[in-house]
Number of protein chains: 2
Amino acid sequence: MNLFGRKQKQTEAHNHIADDLSQKGLRMTPQRLMIVAAVENSTNHISAEEIYEQVIEKYPNVNISTVYRTLDTLAEMRLVTKTDLGDGRVRYHPADKGHHHHLVCRECGAIIDLDEKALTGIQATLLRDYNFIADLRHLGISGKCVKCNRQVVRET
Amino acid sequence: MNLFGRKQKQTEAHNHIADDLSQKGLRMTPQRLMIVAAVENSTNHISAEEIYEQVIEKYPNVNISTVYRTLDTLAEMRLVTKTDLGDGRVRYHPADKGHHHHLVCRECGAIIDLDEKALTGIQATLLRDYNFIADLRHLGISGKCVKCNRQVVRET
DNA sequence: TAAGATGATGCAACCCTTTGTAGTTGCATG
DNA sequence: CATGCAACTACAAAGGGTTGCATCATCTTA
């Protein structure tokens, strides 16, 4: 599936996103085309820097601030998700490729994928008790994995 | 209560933290003394920049990287907590002043305090199903508050 | 098709934070 | 008290990300 979950071919995908953009009075530019393609073609989560490097290979005068601005725009339109795993750089992911969360081990850096259903309970709680619509897509939760915890126990 | 929840007077608090430090082979320095005092005296969450400004008033040649390194050390020792509310700067808080989470509205920036008990359920789930010890102290959850959600509904 | 309006971009500067490094401070041991 | 070692610090530089601004591109309407 592509970024939009409808068609297979990139050109059609881009036509579709171009539609989405123009519905909001925004425009599809060559820069945005390449940024969208980079996110779409990444197998897993991709960083802004990695997107930037892919883009300037074909279009060397694009600025990285354009990459960030485009990604923010796409995130606002809910076409991509931003995830802060706490390692100092934000990762991007096509929104239709499934949502999930990440358990990040503070010690060894291991990343454990966590199904999004695991948190639907608190999402409901927050809505009911706090009138708050929590956006838990691609949440990064820090902590300690079993392996690292065992090590501490051994040492002590 | 002070940062350590035992004595009232700062000097004693600092003696106590000095003990904690030296137990780990670390030292209590004048810089650390002032940084600890700044976190301790803040009524709510304080940023590194704010701590830095307090410190250099009395000790003008302290560098901000020392502030960051000290805060990281204190966080590792679980004496302070770091919270990323998503506004581009991390806040610090004495660990013994109670844990809670924050619901941050993506639209208006409102911050709703959330009791830490609200998330103990998923903490247990993550431990049981994923063998992961989640550190949910002072978590920042982004989303949309009722007020902003109502506005969108009205507009549409 | 010309004019105005609005969106998008590149560039430079800046913000917050981290990191490398060389020099210092303080502790422990002989 | 000298020596060695490890912790600590200031400074500078860099990293990831954002922002202000002037310019450019595109769209609309007449």
Side-chain angles (χ1 to χ4, degrees), chain A residues 14 17-36 39 45-56 58-77 80 82-92 106 109 140 142, chain B residues 14 17-36 39 45-56 58-77 80 82-92 106 109 140 142:
Chain A
H14 298 154
I17 206 178
D19 291 350
D20 280 13
L21 284 163
S22 78
Q23 270 186 7
K24 296 200 162 199
L26 308 178
R27 297 167 192 161
M28 177 51 88
T29 65
Q31 290 93 331
R32 287 181 175 175
L33 217 54
M34 310 220 48
I35 292 163
V36 165
V39 178
H45 300 61
I46 188 171
S47 71
E49 194 72 30
E50 289 166 337
I51 294 168
Y52 175 62
E53 275 163 23
Q54 279 193 41
V55 169
I56 58 171
K58 295 191 179 177
Y59 201 136
N61 52 331
V62 170
N63 194 274
I64 194 155
S65 64
T66 301
V67 174
Y68 281 110
R69 279 193 272 235
T70 296
L71 290 169
D72 279 352
T73 303
L74 295 173
E76 259 174 49
M77 296 174 67
V80 306
K82 293 171 75 168
T83 311
D84 184 356
L85 260 35
D87 66 338
R89 90 195 55 195
V90 175
R91 312 298 171 112
Y92 299 85
R106 200 189 305 109
S142 99
Chain B
H14 298 155
I17 206 178
D19 289 350
D20 280 12
L21 285 163
S22 77
Q23 270 187 8
K24 295 200 163 198
L26 308 177
R27 297 168 193 160
M28 177 51 89
T29 64
Q31 292 93 331
R32 286 181 176 175
L33 217 54
M34 309 222 46
I35 292 162
V36 165
V39 178
H45 300 62
I46 188 171
S47 71
E49 193 72 30
E50 289 165 337
I51 294 167
Y52 175 62
E53 275 163 23
Q54 279 192 40
V55 170
I56 58 171
K58 296 192 178 177
Y59 201 136
N61 52 332
V62 169
N63 194 274
I64 194 157
S65 66
T66 300
V67 174
Y68 280 108
R69 278 195 266 238
T70 296
L71 290 169
D72 279 352
T73 302
L74 295 174
E76 258 174 50
M77 297 173 66
V80 306
K82 294 172 73 169
T83 312
D84 184 356
L85 262 34
D87 66 339
R89 91 195 53 194
V90 175
R91 312 299 171 113
Y92 299 85
R106 201 188 306 109
S142 100

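As the structure is a computational prediction, the values presented were derived from the model and not from experiment. Numbered from 1 within each chain, the chains take letters A, B, ... in sequence-line order. All values below come from the heavy atoms of this structure, side chains included, with hydrogens, waters and symmetry mates left out.
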Taking only distance into account, with no hydrogens and no angle test, what donor-acceptor pairs under 3.5 Å do side-chain atoms of residues 49-56 of chain A form with protein atoms, sequence neighbours excluded?
from, atom 1, to, atom 2, distance (Å)
Glu50(A), OE1, Ser47(A), N, 2.9
Glu50(A), OE1, Ser47(A), OG, 3.3

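- Taking every side-chain heavy atom of Gln31(A) into account, dT9(C) is the closest of dG17(D), dT9(C), dA10(D).
- The separation between Leu33(B) atom CG and dC8(D) atom P is 14 Å, rounded to whole Å.
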If a protein heavy atom is under 4.0 Å from the base, mark B; if only from the sugar-phosphate, S; if neither, -; do that for nucleotides 18-30 of chain D going 5' to 3'. BBBB---BB----
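- Comparing the axis of the opening five pairs of the helix from dT1(C)-dA30(D) to dG30(C)-dC1(D) with that of the closing five pairs yields an angle of 20°, rounded to 10°.
- As a whole-Å value, the separation of Tyr59(A) OH from dG10(C) C1' is 11 Å.
- Residue pairs meeting the salt bridge (Lys or Arg N to Asp or Glu O under 4.0 Å) criterion with at least one member in residues 21-33 of chain A: none, sequence neighbours excluded.
- In this view, Arg69(B) satisfies the salt bridge (Lys or Arg N to Asp or Glu O under 4.0 Å) rule with no residue, not counting sequence neighbours.
- The CD1 atom of Ile56(B) sits 16 Å away from the P atom of dT9(D) (whole-angstrom rounding).
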So Met34(B) and Lys58(B), side-chain contact (heavy atoms from CB on, under 4.5 Å) or not? Walk me through it. CA-CA 9 Å; Met34(B) 309 222 46; Lys58(B) 296 192 178 177; 3.7 Å; yes
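- Each of Arg89(B) and Leu26(A) has a nearest nucleotide on DNA chain C; the 5'-most of these lies closest to Leu26(A).
- Scanning for salt bridge (Lys or Arg N to Asp or Glu O under 4.0 Å) contacts around Arg89(A) gives an empty result, with sequence neighbours left out.
- Put simply, CD1 on Ile35(B) is 14 Å from P on dT17(C), counting in whole angstrom units.
- In this structure, Leu71(B) atom CG and dC16(C) atom C1' are separated by 13 Å, rounded to whole Å.
- Taking only side-chain nitrogens and oxygens, Thr29(A) never comes nearer than 4.0 Å to OP1 or OP2 of dA8(C).
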